[in-house]
Structure formats: C-alpha cells, structure tokens
Amino acid sequence: MPPETVTLSKTGTGAHALDRTQARARAARNHKLLVYGTRVLLLVGLIGLWEWLARAAVIDPFNFSMPSKIWDQMTQWALHGTPQGSLWEQIWYTLYEALLGWVIGVIGGVVLGIALGRIRFLADVLGPYIKVLNALPRIVLAPIFLIWFGLGPASKVASAVVLVFFPVFFNAFQGAREVDRNLVANSRILGASSRQVTLQVVIPSATSWIFTSLHVSFGFALIGAIVGEYIGATKGLGLLVAASQGTFNAAGVYAAMVILAVVALLAEGLLAFLEKRLFRWKPADAGSDR
C-alpha cells in the first residue's frame, strides 16, 4: 500500500473516532437536558394538580393547604420575619446545629470505624456495644438530650451526632476491612509502619466508602436538629414547624418543609461536587454513556 494511502487511512480513522466522540457527547447532553426537563415538568404538574385539587375542594385546603398559600407564607417569613425572629436566623440556627452535629458525628464515625477496622481486639471488645446502641431507636434519645443539655443548641447537636455517627462508622469500618491485603502486604515489605499503612493506604482506600455515607448522613443531621427543635427550642425551623402545627397553620408546616428540602438539596449538591473533585481519577459509571 502506498504511503499516501496509509496516511489517508489513518486520517480517516481519526476523524471517524472524533465524530463518534462528539456524537456520544451530544447524545449525553441531550439525555441530560431531557432528564432535567422531565423533572421540571413533573414538579410543575404535581404542584399544579395539588393547587387545582385544593381550589376545587377535592382535598381539604385547611388540612392540605395549597402551593400558593405555602409560597405566600414563605414570602411573608422572608420579608417580615417569623414570630421567633428573622427567617434567615432560623435557617442559620438549624443549619449550625446540623453542621456541627454532622462534623462531630463524621469525625467520630471515621476515627472509630477505621480504628476498629484495623485493630481486631478493639472490634471484638466494642463490637457488641456498638450493635446494641445501633439497635436503639435514636430519635427517642432527643428528649433525654433535652433534659441533659437544655433548650439550647447542645441538645440538638447531640441528636444530630447520634444519627450521623452510625452510618459513617459502619461504612468506614467496612472500608477499612475491604482494603486490598496485597497492597497492605506490599507496603509492609517496603518498610511502612502501621501508622503509615493506616494513613497512606487504608484511609485513602476507604474514602469512597466514607463519602457514600456522607450523602445520607447530612440528611440525618438535619433530622436530628429538627426533631430536637420540635421537642423544645428557642429558635430554628423545627420550632417553626411546631408553632405552625400548634396554630393549625398547614401552610406554615409545608413552608418549613420546603425550606428544609432546599437546604438538604444544596448540601447534597455541595457534597457531590466535592466528591467529583476528589475522585476525578475514578472511571465513569458504565451506564453513564448510554
């Protein structure tokens, strides 16, 4: 085959591969737009159906409220404040309690999970106690924390900690146990100490397990803070829910729930962004290009 023919053949193959790559990127972009558009249409349809059912008295608007009243309630809170003070102050108060409880629970869960995953003796001694504590309905601890720590943020932080700790702990523990033994053995052969193996091999290997638990654990932290505020507090979104329920203000209950959902979604988006930045080396899912 003449050299010119070989060159043209290679050029044609490269152009064909580029076209296929562009076609896949275009298809993925169109699929993403279709998914987002369908989500928006579904949300708008559900909200519109809810509004119509309430206005037509198919459902009781006093108990179920309606989206327009919920929006009016959120607007009133944002512009004129709540009976407990500024809406932004209530959001920050709940977010502060949830964040602090989440950080403490994550640190405790990761440290103890890695320690028990690496030290068999500790796992044998503490394992039964952790299983017993995990079997307890942790939400019922909120009144006990209220008695111990009072109406301030400490009782809500404690509720958030106990809800966050266990899912993070079990994922960190499993991640430490699932580390490739050959990788650990090779590190030992190269002269790594136990501390170096833990810091440079075990923890990086368990990071993906830990991040998996972080996605759900922040939602648990919010639940812990809200439940604590609902039982007894001076500020916070949970107190808004309790106050709205006490005055039979269904729109207020739903408005607080919408605000909580927005906060949870923003936190989930931030965690997903951080995970994507930290795990850029990981290959995309097999179904992502379909």
Side-chain angles (χ1 to χ4, degrees), residues 91-118 122-123 126-127 129-146 149 153-179 198 202-231 233 236-238 241 256-279 282 285:
I91 295 174
W92 167 245
Y93 201 76
T94 299
L95 194 58
Y96 163 76
E97 294 165 345
L99 278 173
L100 186 56
W102 181 73
V103 169
I104 295 173
V106 166
I107 293 175
V110 169
V111 171
L112 198 58
I114 296 293
L116 267 66
R118 291 282 296 144
L122 279 180
L126 299 179
Y129 297 104
I130 292 177
K131 290 179 181 178
V132 169
L133 292 174
N134 184 48
L136 291 175
R138 292 181 289 278
I139 288 296
V140 301
L141 295 175
I144 298 176
F145 293 145
L146 188 66
F149 304 117
S155 57
K156 289 73 179 175
V157 171
S159 298
V161 168
V162 296
L163 287 176
V164 169
F165 171 82
F166 288 97
V168 175
F169 166 80
F170 285 114
N171 272 40
F173 176 80
Q174 192 64 29
R177 286 291 178 92
E178 293 292 333
V179 175
T198 300
V202 176
I203 292 179
S205 298
T207 304
S208 58
W209 286 81
I210 295 169
F211 258 91
T212 300
S213 65
L214 297 187
H215 285 284
V216 296
S217 61
F218 187 77
F220 289 157
L222 277 175
I223 291 172
I226 291 298
V227 169
E229 291 172 350
Y230 184 85
I231 295 173
L237 293 175
V241 173
M257 291 171 60
V258 170
I259 295 169
L260 279 172
V262 171
V263 171
L265 285 174
L266 290 176
E268 170 67 20
L270 179 59
L271 284 173
F273 172 77
L274 291 176
E275 183 178 16
K276 190 174 180 180
R277 297 285 294 178
L278 287 174
F279 295 101
K282 290 180 65 177
D285 294 338

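For the pair Pro137 and Val140, the tightest heavy-atom approach, listed with the atom from each and the gap, is O-CG2, 2.7 Å. The shortest non-hydrogen separation linking Tyr93 to Pro153 is OH-CD, 3.3 Å. The minimum heavy-atom distance between Ala160 and Ala225, with the atom names listed, is CB-N, 4.5 Å.
Taking CD1 of Ile144 as the start and CZ of Phe149 as the end, the distance is 11.0 Å to the nearest 0.5 Å. Distance OG/Ser155 to CD1/Ile231: 8.5 Å, rounded to 0.5 Å. To the nearest 0.5 Å, the span separating CG on Leu163 from CD1 on Ile223 amounts to 7.0 Å.
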Do any side-chain atoms of residues 94-113 form donor-acceptor pairs under 3.5 angstrom with protein atoms, and if so which ones, sequence neighbours left out?
from, atom 1, to, atom 2, distance (Å)
Thr94, OG1, Gln90, O, 3.3
Thr94, OG1, Glu229, OE1, 3.0
Thr94, OG1, Glu229, OE2, 2.9
Thr94, OG1, Leu237, N, 2.8
Trp102, NE1, Ser217, OG, 2.9

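Remark: Val241 engages Tyr230, Val253, Ala256 in a side-chain contact (heavy atoms from CB on, under 4.5 Å) (not counting sequence neighbours). For Leu133, the side-chain contact (heavy atoms from CB on, under 4.5 Å) criterion is met by Leu136, Phe166, not counting sequence neighbours. Remark: Ala123 engages Leu116, Phe173, Arg177 in a side-chain contact (heavy atoms from CB on, under 4.5 Å) (not counting sequence neighbours). Considering only residues two or more places apart in sequence or on other chains, Phe165 meets the ring-ring contact (aromatic ring centres under 6.0 Å, His included) condition with Phe169.
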